[in-house]
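Please read the structure below before turning to the comments.
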There are 2 protein chains.
Amino acid sequence: MAIDSNMRARLAEQIQCIRQSDDPLNQYFFEKASIANLPKGQHVCHEGSNCSHLAILLNGTARVYKLGENGKEITLYRVGPGESCILTASCILSHIPFPAFAICETDVEAAVVPASDVRRWLSESSAWQDYIFGLVATRLSNIINVVEDVVFRRMDKRIADHLCNRMDKTGHVLLVTHQEIASELGTSREVVSRILKEFELDGMIKVTRGSIELLDPEKLHQKHSER
Amino acid sequence: MAIDSNMRARLAEQIQCIRQSDDPLNQYFFEKASIANLPKGQHVCHEGSNCSHLAILLNGTARVYKLGENGKEITLYRVGPGESCILTASCILSHIPFPAFAICETDVEAAVVPASDVRRWLSESSAWQDYIFGLVATRLSNIINVVEDVVFRRMDKRIADHLCNRMDKTGHVLLVTHQEIASELGTSREVVSRILKEFELDGMIKVTRGSIELLDPEKLHQKHSER
DNA sequence: GCCATGTCTGTGACTAAGTCACACAGGGGT
DNA sequence: ACCCCTGTGTGACTTAGTCACAGACATGGC
């Protein structure tokens, strides 16, 4: 789909690195990018695949995760509006296959850029360099935080943290299953059920099928802030 | 220290991206790089610090690790000859503080490059781009492998894997303590002692103070290859 | 409205991993 | 030879994870 002036405005609003009028990226980007729409549940990348394009999300979120042989999963990071998946960029720039899975968590609209341009623009646009390296830094930090979480923190604190983060986004009633929390944090569904039960017995939450209501967010905050 | 023609040859031998005679990087690099020597045990970076230079190792290794509040550690990756610490590059390029610790595991000699040049060369040299993005890809993979290891694999298999890897480098007798293995893999010294005891009872290794002799590497290989 | 099926949750029994405290052995320095 | 420090082993405990199974709830088809 061609990019008309309405779409240009939307892209500039969402993608910070193409706002500078004096950078050649502006012209390049609007010449080469196209718009893609992907439905919720669509797999974007599989482990081991190569990447022909880089997608920058305009809306929606994509989840990047690792999948173990035993079916267990863990989320590495999420890609939101204005961001792209740095593993895709890394794939493109170094010819190493994609080392994880990526899936649309919501319906997603993205600006898609051919792989050959991703590299070329690095030489020609400092805004693009800043954008790409900003993402590299963010994702390295994200993934290192996952390592830190998994190795150094107890599961009950990680679950409390997770519930608080979701509350910040959607309010006191979370529509989420125990299995979804387990997949997010890389643990077993039974472990999540047991810990949520304890939280309920402590009066911090109310658990019903497919949803969790946070009754005492302060206390949950305290729990995940503990050492 | 100035770079004479002997050192130029050593640098070209070790650092693959400055071998191309037609890339401007060659001239830039020899103009700007200096040589640093760091002793074993020297801390290179602390968590939260900023980085003024990028170091490319000529020999020796540096260990990049995360340290928990409870004193536990886990190795994220190691930097060897010809490589640099990509978290340093990421720091430099995106102005985010260093998110881990780095320490010299052996005496280290490195070519050191000012931060301002690291960024500038990205625009001017495709060899430097390839080098930096090759490292980005490698380190992202390394760290994702750590997540995978920790979340999906049993500790006894991880220890068997570790012992096999060390054997490949130094032979059947490893000079290593239980605590060092624990710090490498992000676990407790007691857990390592118990698992090594089991390996000894199974006839795979012989444990003495400060060293481990691999008696049956084949069987250890089988162990870490199991699901 | 009822029934079947699939999804979600809870629980028991077990193993694996981690923590804490403590004791002992070995090596190095004086 | 003695002292101190480091490295190791072990017991008792808690936390986390696995496996199997049962029950409740929601949805879709008839």
Side-chain angles (χ1 to χ4, degrees), chain A residues 41 67-74 146-163 173-202 205-213 223-224 226-227, chain B residues 41 67-74 146-163 173-202 205-213 223-224 226-227:
Chain A
L67 179 58
E69 284 171 342
N70 52 2
K72 212 176 2 178
E73 306 180 11
I74 187 164
V146 171
V147 172
E148 177 169 31
D149 233 35
V150 164
V151 175
F152 300 137
R153 291 180 81 214
R154 292 167 47 114
M155 188 57 69
D156 57 357
K157 292 167 182 29
R158 291 177 63 206
I159 291 177
D161 193 5
H162 179 75
L163 296 180
V173 179
L174 315 180
L175 301 181
V176 62
T177 67
H178 301 191
Q179 180 56 60
E180 283 166 352
I181 296 177
S183 296
E184 179 75 17
L185 304 182
T187 185
S188 305
R189 195 262 315 155
E190 295 89 337
V191 173
V192 175
S193 295
R194 288 172 184 152
I195 290 175
L196 291 181
K197 190 69 161 180
E198 286 169 25
F199 287 178
E200 191 171 44
L201 291 176
D202 281 343
I205 63 174
K206 178 162 182 283
V207 177
T208 51
R209 180 192 168 96
S211 78
I212 299 168
E213 183 180 358
K223 184 156 200 74
H224 80 68
E226 280 168 13
R227 290 209 170 187
Chain B
L67 179 58
E69 284 171 344
N70 54 2
K72 219 191 313 185
E73 303 180 14
I74 187 164
V146 170
V147 173
E148 177 168 30
D149 234 34
V150 164
V151 176
F152 301 137
R153 293 179 80 212
R154 293 168 47 114
M155 187 58 67
D156 57 357
K157 291 169 184 23
R158 292 176 63 207
I159 291 177
D161 193 4
H162 180 76
L163 295 180
V173 179
L174 314 180
L175 301 183
V176 63
T177 68
H178 301 190
Q179 181 56 60
E180 283 166 351
I181 295 176
S183 296
E184 177 76 17
L185 303 181
T187 186
S188 306
R189 195 260 316 153
E190 296 89 338
V191 173
V192 175
S193 294
R194 287 171 184 151
I195 289 175
L196 292 180
K197 190 71 162 178
E198 286 170 23
F199 287 178
E200 191 171 44
L201 292 175
D202 283 343
I205 63 173
K206 180 162 180 284
V207 176
T208 50
R209 179 191 169 95
S211 77
I212 300 169
E213 183 179 359
K223 183 157 202 73
H224 82 68
E226 280 169 11
R227 291 201 169 197

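So that the names make sense, note that chain A is the first sequence line, chain B the second, and so on, each numbered from 1.
Remark: the backbone N or O of Val207(A) is paired with a side-chain donor or acceptor of Glu200(A) at under 3.5 angstrom. Of the possible donor and acceptor atoms, none in the side chain of Glu198(A) sits under 3.5 Å from a partner among the backbone N and O of Ile195(A). With hydrogens and angles disregarded, no donor-acceptor distance shorter than 3.5 Å links the side chain of Arg189(B) to the backbone of Ala182(B). Judged by distance alone, the side chain of Thr177(B) and the main-chain N or O of Glu180(B) form a donor-acceptor pair under 3.5 Å.
The nucleotide whose nearest atom lies closest to any side-chain atom of Met155(B) is, among dT19(C), dA16(D), dG18(C), dG18(C). Here the side chain of Thr177(B) is nearest to one of dG7(D), dG9(D), dG17(D), namely dG7(D).
Computed from coordinates, the Ile181(A) CD1 to dT9(C) P distance equals 9 Å when rounded to whole Å. Regarding Ile195(A), its CD1 atom lies at a distance of 8 Å from the C1' atom of dT15(D), rounded to whole Å. Summarising the geometry, the separation between CZ on Arg189(B) and P on dC24(C) is reported as 15 Å, rounded to the nearest angstrom. A straight line from NZ of Lys72(A) to P of dA16(C) spans 14 Å, rounded to a whole angstrom. If you take CG of Leu196(A) and C1' of dT11(C), they are 15 Å apart, rounded to a whole angstrom. Counting to the nearest Å, the P atom of dT19(C) and the NZ atom of Lys157(A) are 13 Å from each other. Atom P of nucleotide dT15(D) and atom CG of Asn70(B) are separated by 15 Å, given to the nearest angstrom. Between Glu198(B) atom CD and dT10(D) atom C1' there is a gap of 14 Å when expressed in whole angstrom units.
Salt bridge annotation for Lys223(A)-Asp202(A): absent, with no cationic side-chain nitrogen under 4.0 angstrom from a carboxylate oxygen.
For a distance-only test at 3.5 Å, the side chain of Arg154(B) fails to qualify as a donor-acceptor partner of the base of dG17(D). Side chain Arg209(B) to base dG9(D): no donor-acceptor pair is found below 3.5 Å. The base of dG12(C) sits with one of its N or O atoms less than 3.5 Å from a complementary donor or acceptor on the side chain of Arg194(A).
Contact annotation: His178(A) side-chain N/O to dC8(C) OP1/OP2 distance is not under 4.0 Å. The phosphate of dG18(C) has OP1 or OP2 within less than 4.0 Å of a side-chain N or O from Thr187(B). When the side-chain nitrogen and oxygen atoms of Lys197(B) are compared with OP1 and OP2 of dT8(D), none of them lie within a distance under 4.0 Å. For the pair Ser188(B) and dT19(C), the criterion of a side-chain N or O lying under 4.0 Å from OP1 or OP2 is met.
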